[in-house]
Each structure stands twice: as C-alpha cells, then as structure tokens.
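Atoms within each ligand, like the ligands themselves, are counted from 1 in listed order.
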Amino acid sequence: MSGLPIPGLGAGSPVVWGVLNVTPDSFSDGGRFDTLDRALEQARLMSDQGADVIDVGGESTRPGAQRITPEEEKDRVLPVIEALSGQGITVSIDTMRAEVASAAVDAGASLVNDVSGGRADADMHAAVGQLGVPYVIMHWRGHSDRMNELAIYDDPVRQVCEEIEEQVDSAVRAGIERNHIVIDPGIGFAKDAGHNWAVLRAIKSVNSLGLPVLVGASRKRFLGSLLADVDGQPRDSDGRDVATAVLSGLLADSVWGLRVHDVGSTVDALKVARAMNESGEVK
Ligand code: PMM
C-alpha cells in the first residue's frame, strides 16, 4: 500500500468505501436508495458498520446503461451529499462529469471518483485540479453501452497499467497533484471474467505504479458467474456478499481501499486478515 490521499486513512488497513447508488437502475442496488430518507439511512448504516467514505453516485454504469442529463444527476446526488457531509461523513462523488464533480464538492464532497479517469469529460482533470481534492482514476475504455465490445486485450494486466498511467500523466499535466491521485483497475469495466481475475491476481503490478489502489469488485457479475447454480444460472447480486468479503480479505495487504456494498462483511474480513497477519492490533 502506498500514499495517503485522505489524511489519517489507509494506514494499517484498507480504507472502506461504502457504495450509495442513488439511481433507479444500478446493477446491484438500483432503485433501493432513490429517496433521500432511504439513502441517508443506508449511508448511516454503512458508516456505523465502519465505512470510512460514502461513495455517492447518481448515474448507473452497469453494462448497457443509458446516460442521464447532468441536471438529473445533480438533482439525485446533491441533497444526499449535503445531508451526509453535514453529519460529518466523508463523502466521495462518483461521477464522470466535471460539472457534477464541482457542484458535489461545493455541496460538501471531499473526493471525486471518476470511473472514466477523465476520458469521458475533457474538462474533468482541470476542474479537479482547481478543486484540489483527491481524485480516483479508474481504468475505463468507453461508456456502458459499448464496454463489452471493448473488452479485448493481448495482455490485460500490462495494458490496464499502461492505460491508467496515461490518465495519471494527463491528470498531473492538467494540475492535479500526484499525491492526490488514487488509481483503480476498473473491475468489470471493459473486462470479462478472465480479465477481472487476471487483474486481481496481479494486483501487485497495479500497486507498483506507486499510487494508492482502490478496488471495486463488490457484487460484480464475474462473482455471479463464479457462484452459478448447477444449471449455470448466475447467482443474484444479493448473494455475492460472502464472495466479495473473501476477496476483501485476500486483498487486504495489497490495496489502499475497497469499494463495497455490504460494509459489515468486508470490515469483518479485514479484521480476520489483520489477525492472521499479526500486522496490527485487532480492535
Ligand atoms: N464500479 C462501479 C461504480 N463506480 N468506482 C470505482 N472507483 N471503482 C469501481 O469498480 C466502480 C466505481 C459500478 O458498480 P456499482 O453499481 O457497484 O456502483
């Protein structure tokens, strides 16, 4: 693990990011938290379970998803961000748009999580440079409506690392401080199950880029395929939390942060990993 773009977080154990999708259509939790009260209740639960950051997203990125307007995105996320940051919760905005990122930081978000790493909006890097907040650059090749056709690699680990580095260089050129950057290999984005496993097994290669690494494998489709029933039917997203937590435990020593839906099971897994490694006191 390297770097601490959020002071005080990430020393000793990965930072846990709790996912809060305020969308009607995200793949695993779409529609569940699309009223302010339900969103706040879920965020509070995740914080109580040990989430360090609540990652608020208003636009679904599930394969095949259609885009929404910036106004719609802001209407969904800003009231939630204002309320959560008002309660002292550290909030990240999950957006590909500079305009939404700026409005979210004005509303109290402390970090920008951009699944496109700046590829979706030419203004994003300059805007984040101005905002001066930590910025997550995820590996991304194209919007959800075409990401499956972009899942072609000769060497997924090498290409993912190279493509992330290009975005990091572009971000630094645009004024984002290098020590504000977190990188993410983009599990499930323009990657099939084999690509996802290859990247996860080689997570130390991603780490060797020298920046903190965030991984978001939670409830993703490749876990559903792994856990398919005897007829080959993928496991529903609700039934993927044990697999997610096992991955969290396995990655505990190799990543800076983990982005998950079920915070409690990942926090448990991280405690087990720490106890096994005797690398820190288990609280
Ligand atoms: N995955 C999703 C959305 N945002 N952000 C980062 N940094 N990494 C991810 O892997 C990621 C993300 C899509 O999944 P969701 O529906 O669980 O939010």
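Contact annotation: for Arg219 versus ligand 1, there are no heavy atoms closer than 4.0 Å. With a 4.0 Å cut-off on non-hydrogen atoms, Asn21 touches ligand 1 through its side chain and not its backbone.
Close approach to Asn113 involves these atoms of ligand 1, each under 4.0 Å from a residue heavy atom: 5 (N), 6 (C), 7 (N). Of all atoms in ligand 1, listed by their number and element, those nearer than 4.0 Å to a heavy atom of Leu214 are 7 (N). Close contacts of ligand 1 with Thr61, meaning ligand atoms under 4.0 Å from a residue heavy atom, involve 2 (C), 3 (C), 13 (C). Residue Asp184 has at least one heavy-atom neighbour below 4.0 Å for each of these atoms of ligand 1: 6 (C), 7 (N), 8 (N), 9 (C). For ligand 1 and Phe189, the ligand atoms under 4.0 Å from any heavy atom of the residue are 1 (N), 2 (C), 11 (C), 13 (C). The atoms of ligand 1 that sit less than 4.0 Å from any heavy atom of Gly216 are 10 (O).
Inclusion of Val19 in the set of residues having an N or O under 3.5 Å from an N or O of ligand 1 is not warranted. For ligand 1, the polar-atom distance check against His261 finds a nitrogen or oxygen pair separated by under 3.5 Å. Considering backbone and side-chain atoms alike, Asp55 places every N or O at 3.5 Å or more from each N or O of ligand 1.
Taking a 4.0 Å cut-off on heavy atoms, Trp17 fails to register as neighbouring ligand 1.
If you check the side chains of Thr23 and Asn21, you find no donor sitting under 3.5 Å from an acceptor. Between the side chains of Glu59 and Thr95, no donor N or O sits under 3.5 Å from an acceptor N or O.
Side-chain contact between Arg67 and His143: present, with at least one pair of heavy atoms (C-beta onward) separated by less than 4.5 Å. In this structure, Arg219 and Val19 have side chains that are not in contact, with every pair of non-hydrogen atoms separated by 4.5 Å or more.
Checked against the 6.0 Å centroid criterion, the rings of His139 and Phe189 do not qualify as a close aromatic pair.
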Just do the salt bridge (charged side-chain N to carboxylate O under 4.0 Å, His left out) check on Glu71 and Arg76 with the steps written out, would you? CA-CA 9 Å; Glu71 285 65 36; Arg76 290 180 185 178; over 6 Å; no
Could you walk me through whether Arg44 and Asp48 satisfy the salt bridge (charged side-chain N to carboxylate O under 4.0 Å, His left out) test, starting with their C-alpha distance in whole Å, then the side-chain angles of each, then the deciding distance to 0.1 Å, before giving a yes or no? CA-CA 6 Å; Arg44 172 55 55 203; Asp48 290 347; 3.7 Å; yes
Tell me, with the steps shown, if Ser265 and Asp262 meet side chain to side chain donor-acceptor pair (under 3.5 Å). CA-CA 6 Å; Ser265 55; Asp262 185 50; 2.5 Å; yes
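Summarising the contacts of atom 4 (N) of ligand 1 with Ile183, Asp94, Ile137, the nearest heavy atom is found in Asp94.
Looking at every heavy atom in both residues, Ser248 comes nearest to Val260 through OG-CG1, 4.1 Å.
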